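Structure first, commentary second.
Both counts, for ligands and for their atoms, begin at 1 and track the order of listing. The structure presented is a predicted model; accordingly, all values stated were derived computationally and were not measured.
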Amino acid sequence: MKVTVVGAGHVGATCAQRLVEGDIADVYLVDIADGLAAGKALDLAQAAPLVGHSRRIEGGTTYEPAAGSDVVVITAGVPRKPGMSRDDLLATNGKIVTSIVEQIAEHAPDAIIIMVTNPLDVTTHIAMEVSGLARERVMGMAGALDTARFRCFIGFELGCAARDVQAMVLGGHGDSMVPLASSATVGGVPIAGLIAPERLEEIIQRTRDGGAEIVGLMKTASAFYAPSAGVVDMVASILRDEGRVLPASVLLRGEFGIDDTFVGVPVRLGAAGVEEIIECELSAEEMAALHASAAHVRETVAAWERLKNA
Ligand code: APR
């Protein structure tokens, strides 16, 4: 199994590390910055005898070595700075992602694409448009991360292990995301009976602001440990045909009453990519929030269409 990771910055290099050290796949790391991917790949290869895996990892600036990849993860682009929204990255990252997907379509046309670059739902839309791939094979990683943040904060609140918290965050990757509090449980017990509504509202807001909180703390970088863990969960489910159910940004064609829009919903991930979109029951309020989130994604796609043609 082989994964190409595009972008050898914080998120990409950490993805590469998790993939090889977790014995999930061989990795080709590519970055536009001369020597960056090759240097980090060599460093990771030299850690192998210490960490104890036998995965191959190489790095470079060209796309020919991406040939034969089962999955391509795209993390290239600029991250946020304090005070910026993800949408502020659109002009720069839209162009970067377009040029990368053109290369991937040429050299690794059979790969499944997992997008990470922000603004996530729009860059995933761009990846599908430029690659011409079927919708099952192009998805964005956001819900896995937003859900992990929500579970982490609920775990903090209850003093429970976050892995025992089951929850889901749907919608676009931004201020309009939709954490589903009504169905969240810990060890099978609904959290609604354990956390007061006003406190739960604060946890939901902290989840929405989860990325900004970290940018505010680090100032010169954005989050990468949890984002890369979210990517690797998705990659592993595809390569091992595990059928994990995770939220991911996928193209909806009528599901949840939303058409022709990439937005985060629960999906089953296996060898074919997105093998099922799971249309779970939502309350009227959650459904309205999901539709509002989809409308925001459509507005940002329209902004990209204007930028692209300007
Ligand atoms: N082709 C390949 N690599 C590129 C290109 C390009 N056209 N343009 C930029 N890059 C590389 C940069 O050289 C850099 O090494 O992308 C890398 C980005 O790394 P960081 O600046 O560390 O950013 P990171 O924190 O990894 O975030 C990357 O993921 O979570 C999102 O919002 C985040 O959009 C951002 C992306």
| note | Looking only at protein heavy atoms, what sits closest to atom 5 (C) of ligand 1 is I32 CG2, 3.6 Å
| Looking only at distance, does V11 have an N or O less than 3.5 Å from an N or O of ligand 1? | yes
| How about T4 and S69: does a side-chain donor come under 3.5 Å of a side-chain acceptor? | yes
| In ligand 1, which numbered atoms sit nearer than 4.0 Å to a non-hydrogen atom of T75? | 28 (C), 29 (O), 36 (C)
| query | Any side-chain heavy atom of V122 within less than 4.5 Å of one from F262? | reply | no
| Going by distance only, is there an N or O of R80 that falls short of 3.5 Å from an N or O of ligand 1? | no
| Can D121 and H173 be counted as having a side-chain donor-acceptor contact under 3.5 angstrom? | no
| note | For atom 8 (N) of ligand 1, the closest protein heavy atom turns out to be I96 CD1, 3.6 Å
| field | Enumerated ligand 1 atoms positioned under 4.0 Å from heavy atoms of T117 | value | 34 (O)
| Protein contact of atom 9 (C) of ligand 1 - nearest heavy atom, named by residue and atom, plus distance | G77 N, 3.8 Å
| field | Test item: side-chain donor near acceptor, H296 and D87, under 3.5 Å | value | yes
| message | Regarding atom 31 (C) of ligand 1: of the candidates V116, L89, T123, T220, which has the closest heavy atom? | response | V116
| query | Taking 4.0 angstrom as the limit, do E129 and K308 come out as a salt bridge? | reply | yes
| request: Could you tell me whether the side chains of R80 and S222 share a donor-acceptor contact shorter than 3.5 Å? | output: no
| Below 4.5 Å, heavy atoms only, C-beta onward: do F256 and C280 meet side chain to side chain? | yes
| Got the closest protein heavy atom to atom 11 (C) of ligand 1, with its distance? | D31 OD2, 3.2 Å
| task | Can you pull out the closest protein heavy atom to atom 25 (O) of ligand 1? Residue, atom name and distance to 0.1 Å, please. | result | H10 CB, 3.7 Å
| message | I'd like to check whether V6 has a polar contact with ligand 1, where a contact means an N/O of the residue lying under 3.5 Å from an N/O of the ligand. | response | no
| Between V78 and ligand 1, which part of the residue brings a heavy atom under 4.0 Å of the ligand: side chain, backbone, both or neither? | backbone
| request: Not counting sequence neighbours, which residues clear ring pair (Phe, Tyr, Trp, His ring centres under 6.0 Å) with H291? List them please. | output: none
| request: Could you list which atoms of ligand 1 come closer than 4.0 Å to a heavy atom of I100? | output: 1 (N), 6 (C)
| said: Just to verify, what does Y63 make a ring pair (Phe, Tyr, Trp, His ring centres under 6.0 Å) with, not counting sequence neighbours? | reply: none
| said: I need the nearest protein heavy-atom contact for atom 21 (O) of ligand 1: residue, atom name and distance, please. | reply: P79 CD, 3.5 Å
| query | In terms of atom number and element, which parts of ligand 1 are under 4.0 angstrom from non-hydrogen atoms of N93? | reply | 34 (O)
| message | Using a 4.0 Å cutoff against the non-hydrogen atoms of L36, which atoms of ligand 1 qualify? | response | 15 (O)
| message | Could you tell me, atom by atom, which parts of ligand 1 come under 4.0 Å of a heavy atom of A76? | response | 2 (C), 3 (N), 4 (C), 5 (C), 10 (N), 16 (O)
| query | Does the side chain of L239 come within less than 4.5 Å of V3's, by heavy atoms? | reply | yes
| remark: Closest heavy-atom approach to atom 34 (O) of ligand 1 among L145, N118, V215, T14 is made by N118
| Heavy atoms, side chains only, cut-off 4.5 Å: are E201 and R199 in contact? | no
| field | Shortest protein contact, atom 19 (O) of ligand 1 (heavy atom only) | value | G9 CA, 3.2 Å
| Does Q205 reach the side chain of F153, with side-chain heavy atoms less than 4.5 Å apart? | no
